[in-house]
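Order of the sequence lines sets the chain letters (A, B, ...), proteins ahead of strands, with each chain counted from 1. Keep in mind the model is a prediction, meaning the values are calculated, not measured.
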Amino acid sequence: VNQPPPPSPPEGRLPTEPTGPSASTDQLRRGWVAGWSAVSAGTGLLLIGLWVADASANVLGLVGGLAALAACVALHHVVVTQDRGERSLERPVDAPDLVPLAGRRRLLGGAVAGVAAFTVAGTGALFAYGDRRPTASAWASGGRLTQIDGSFLRPEDVPFGGVVTVWPPGAVGTELAAVMLIRLREPPLPPTRLDGTVDQTLVAYSRLCTHAGCAVALYRDFDQALFCPCHQATFDARRGAEPTYGPASVALPQLPLALDDEGYLVATGDLSAPPGAVGGTL
Amino acid sequence: VTPPSPLADLAATLDRRLGRSADRPSVWPTSFGAMISHVIVVAFLVLVVTGIFLTFFYRPSTAPVTYSGSSALYDGATLPAAFASTVRIGSDVPGGLFVKRVHAAASHLFLAALVVHLLRVMATGQFRRPRLGTHLLGIALLLLGIGFAYTGELMPFTLKASSSLRIGEAVLASIPFLGGPLASVVVGPELPSDQILVGAWVLHVVVLPVSFVALTVWHLRLVHRRTPTIYRRQDVDVTRYAVGRPLWPDAIARFALLTAGIVALLSVSSALVPWADSELAGPFIPAEATNSVHPSWPLFFTTGAMRVLPAIDLTFLGARITNVLVAGVVLPGLLIGMLAIYPFLERLLLRDEGEHHTVDGLLDVPLRAGAVGAFTGAGLVLTLSAGVDALSFWLGTPVETVVLVFRLALVIVPVLAAVIMVKAAHTRARARAIAAAVGSSPAEGVR
């Protein structure tokens with residue numbers, strides 16, 4: 001635009017204002033404000049009464065909404081009648097750009113030093129605290145596979161295509177030790193540890209996804225795949241629970257199985273790897 | 001004429017607190033665009049009032065308790081104390097369900113207004129000199145808002161919430177070297193732990209609200225010290241003058257109207273939409289999982305990235321870089337970092353160190369139009385990626401196909417959006433040049 005900028009008004013009210021209505025309509029609107037305020041207050045009282053009387057949430061919501069709507073109408077008329085109009089204000093010259101600290105060197109230096117000290121101290125404290133999350137699960141050799149109700153399992157309890165979540169006897173219901181016992185429809189293939197299977201078709205894998213630690217809760221019978229509902233990581237239960245699709249990069253840890261003297265399923269050791277998400281430090 | 005009132009005195013005091021004196025009172029923009037930021041404040045006030053009510057009845061504990069009350073679904077069941085207390089709020093406390101629903105509805109409005117306000121600031125160039133500090137504070141406020149959403153979602157200790165907690169733990173632990181200790185401190189040794197629940201409760205109820213109020217006051221103070229931005233207009237030299245309404249009575253009356261309107265909206269919506277009926281989500285049970293595990297929607301882009309990015313497993317100097325690290329730490333860091341870095345970048349690339357006080361049009365600066373297009377495109381695709389499982393269910397398509405489409409979209413959509421926006425900006429500039437050359441009125445040529 002090649003034209004010179006229009007003249008600016010002095011500070012104070014702009015010449016286009018005020019936009020308010022005439023005195024007669026003003027009087028009418030004052031009546032509206034009083035009336036709708038009364039409606040709002042009355043509905044508000046009704047809301048309190050209904051609240052005390054333990055009315056349902058839907059009734060409270062509608063009555064509360066009505067009270068607020070009446071207040072809206074009243075306030076709309078306040079806005080229309082009570083305007084003082086636009087005003088202009090001269091902008092400050094050379095206002096600091098970043099934060100008020102920028103102009104004050106000592107304060108800025110102090111803030112930077114404080115943040116640095118806090119970061120160093122925090123990192124040091126974290127390293128001193130260390131990683132306290134358990135890496136081994138509660139599984140040990142001879143531990144019977146225990147269901148959530150405390151009962152033990154025999155091989156014949158799991159039909160073909162069946163999945164049961166089991167825990168070691170002392171840690172039923174815990175997160176890290178949760179294991180899925182699966183009866184495959186076909187015998188598993190390497191890299192499944194075949195000496196850890198029972199009946200040729202019973203295998204057990206950790207229930208925690210190696211991607212982000214969710215429970216791999218879904219078993220797809222038609223391709224014998226374990227499927228994580230969180231991020232769609234898919235594992236081949238027939239081939240050592242190696243990832244076949246999705247964001248996981250590592251197989252689910254396998255639990256080696258055997259039968260004890262009484263014919264119950266037991267573990268012969270801990271999981272083949274620490275359960276849960278991999279990543280971070282090696 | 002407004003009669004003197006205690007409210008007027010209060011407004012004058014507030015004016016002084018904002019760093020303005022009686023002879024130079026603050027001016028408040030009352031355009032619809034500027035109202036978005038007021039929606040944040042109003043929604044926050046609603047959240048504080050309803051939140052105080054809910055705090056009285058909430059118990060941050062995972063200890064099993066036997067619930068007995070008027071919820072037919074859970075009467076006599078043994079539940080984690082946190083979940084039992086939310087069931088009690090929903091079923092036994094008078095008005096509890098109403099307050100809980102309004103709290104949840106207000107949280108959605110709060111977060112939506114935060115995101116829209118930030119996008120508007122980016123698209124209209126309000127981050128430029130002298131308002132960079134105000135903008136950076138705004139990003140900090142967005143992060144606090146996301147913190148509110150994440151901790152608030154954990155607190156009822158539903159199955160879904162605890163699954164997203166598990167993913168949060170994996171994200172923390174995926175950070176090389178620091179991750180393990182960090183996850184131990186934040187989450188505790190093994191889920192379910194009281195540590196995380198008490199932590200989330202203290203953050204949600206004390207730390208985050210106090211920080212949010214403090215930073216908001218600072219943000220508002222900076223806005224008024226530097227005077228608000230305004231749309232370009234013919235009757236005012238906007239580089240020298242800010243234009244707006246006085247705080248009393250114009251702006252206060254408008255804020256009161258906005259507050260009443262939002263309260264009406266939230267209140268009626270609580271009767272029509274079952275916000276936050278966490279009874280239906282079920283309590284946390286270790287080693288259980290549910291379909292469609294999501295964090296709160298402002299964090300959809302992280303879970304979306306975890307779903308569409310491929311498996312990654314690289315070893316580098318003793319660090320193990322995985323999909324979770326890239327999708328949960330690096331990518332969000334880059335996206336939110338872009339919001340902070342872009343103002344510096346624009347200054348550098350456009351060689352523009354001057355002060356700007358206008359609310360620009362979306363297409364006024366081609367570089368910015370392109371950047372906003374690419375950013376919004378990437379954010380939108382990643383956000384929608386969080387629903388690949390739901391989409392695959394609705395469309396009857398294998399999830400692998402849906403993920404493939406989203407992988408392609410993640411590359412194509414941001415580039416396409418940037419190209420279209422830059423082209424449109426150049427076309428707009430040419431049209432303006434032609435209009436100026438043929439001497440049409442500036443009112444048509446310049447908005």
Side-chain angles (χ1 to χ4, degrees), chain A residues 1 3 5-6 8 51 54 57-58 60-62 64-65 68-69 71-72 75-76 78-79 82-84 86-91 95 97-99 126-127 129-134 165 173-176 178 207 212-215 217 229-232 243 245 247-249 277-282, chain B residues 2 27 94-95 97-98 129-130 132-133 163 166-167 170 173-174 176-181 184 189-191 226-227 234-237 240-243 246 249-250 253-254 256-257 260-261 263-264 267-268 270-271 286-289 291 293 306-307 311 313 318 320 322-325 399 442 446:
Chain A
V1 184
Q3 291 155 346
S8 289
W51 197 308
D54 202 3
N58 293 356
L60 292 179
L62 288 176
L69 269 180
C72 269
L75 284 165
H76 165 72
V78 172
V79 166
Q82 298 294 299
D83 259 10
R84 289 224 185 127
E86 283 186 328
R87 52 192 63 218
S88 64
L89 181 69
E90 203 169 348
R91 298 205 187 270
D97 182 32
L98 207 53
V99 275
L126 269 183
F127 275 120
Y129 189 79
D131 193 345
R132 299 197 179 181
R133 295 172 306 149
T165 306
T174 59
E175 186 197 15
L176 282 175
R207 197 170 162 82
C214 280
C230 287
H231 306 104
Q232 289 77 50
Y245 179 78
S249 57
V278 300
T281 318
L282 272 184
Chain B
T2 318
V27 292
L97 185 58
F98 169 60
R129 194 180 292 276
L132 186 56
S163 301
R166 233 189 230 122
I167 297 162
S174 75
F177 311 117
L178 274 181
S184 314
E190 188 176 357
L191 290 174
R226 289 153 193 194
T227 61
Q234 292 304 308
D235 59 339
V236 181
D237 179 1
R240 287 189 56 206
Y241 293 96
V243 177
D250 298 33
R254 279 165 173 76
L257 176 56
V263 169
S267 196
V268 172
S270 79
E288 270 312 322
N291 258 329
V293 173
M306 279 183 208
R307 286 164 192 237
D313 202 338
R320 190 167 184 181
T322 54
N323 166 290
V324 176
L325 179 71
V399 73
V446 180

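The two atoms that bring Val399(B) and Tyr245(A) nearest to each other are O-OH, 4.3 Å, heavy atoms only. Of all heavy-atom pairs spanning Val263(B) and Ala68(A), the tightest one is CG1-CB, 3.9 Å. Nearest heavy-atom pair, Ser267(B) versus Gly61(A), reported as atom, atom and distance to 0.1 Å: OG-O, 2.8 Å. A pairwise comparison of heavy atoms in Ala277(A) and Ala170(B) identifies CB-CB, 3.8 Å as the closest pair.
For Ile167(B), the parts lying under 4.5 angstrom from a heavy atom of chain A are both the backbone and the side chain. Of the atoms belonging to Ala71(A), heavy atoms from both backbone and side chain fall under 4.5 Å from chain B. Residue contact with chain A, scored on non-hydrogen atoms closer than 4.5 Å, involves the backbone and the side chain of Ser184(B) alike.
No other option in Leu69(A), Leu126(A), Asp54(A), Leu62(A) has as many heavy-atom pairs under 4.5 Å with chain B as Leu126(A). Between chain A and the residues Ala253(B), Gly179(B), Ala256(B), Gly318(B), the largest count of heavy-atom pairs under 4.5 Å involves Gly318(B). The candidate from Pro94(B), Gly261(B), Ala242(B), Ala260(B) with the greatest count of non-hydrogen atom pairs under 4.5 Å with chain A is Ala242(B).
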Practice problem: Decide yes or no on side-chain contact (heavy atoms from CB on, under 4.5 Å) for Arg240(B) and Arg91(A), but give the supporting numbers first. | Solution: CA-CA 5 Å; Arg240(B) 287 189 56 206; Arg91(A) 298 205 187 270; 5.8 Å; no
Quiz prompt | Derivation of the side-chain contact (heavy atoms from CB on, under 4.5 Å) call for Leu257(B) and Cys72(A) | solution = CA-CA 6 Å; Leu257(B) 176 56; Cys72(A) 269; 4.3 Å; yes
Self-check item: Ser88(A)/Val27(B) under side-chain contact (heavy atoms from CB on, under 4.5 Å): CA gap, chis, key distance, verdict
Solution: CA-CA 7 Å; Ser88(A) 64; Val27(B) 292; over 6 Å; no
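Between Pro247(A) and Met306(B) there is no side-chain heavy-atom pair separated by less than 4.5 Å.
The CZ atom of Arg226(B) sits 6.5 Å away from the CG atom of Asp97(A) when rounded to the nearest 0.5 Å. With values rounded to the nearest 0.5 angstrom, Glu90(A) atom CD is found 10.0 Å from Asp237(B) atom CG. Annotation: the span from Leu97(B) atom CG to Asn58(A) atom CG amounts to 7.5 Å, rounded to 0.5 Å. Residue Arg87(A) holds its CZ atom at 7.5 Å from CG of Asp250(B), rounded to the nearest 0.5 Å.
The closest donor-acceptor contact from the side chain of Ser249(A) to the backbone of Asp313(B) lies at 3.5 Å or more, if one exists at all. No donor-acceptor pair closer than 3.5 Å links the side chain of Arg133(A) to the backbone N or O of Ala173(B).
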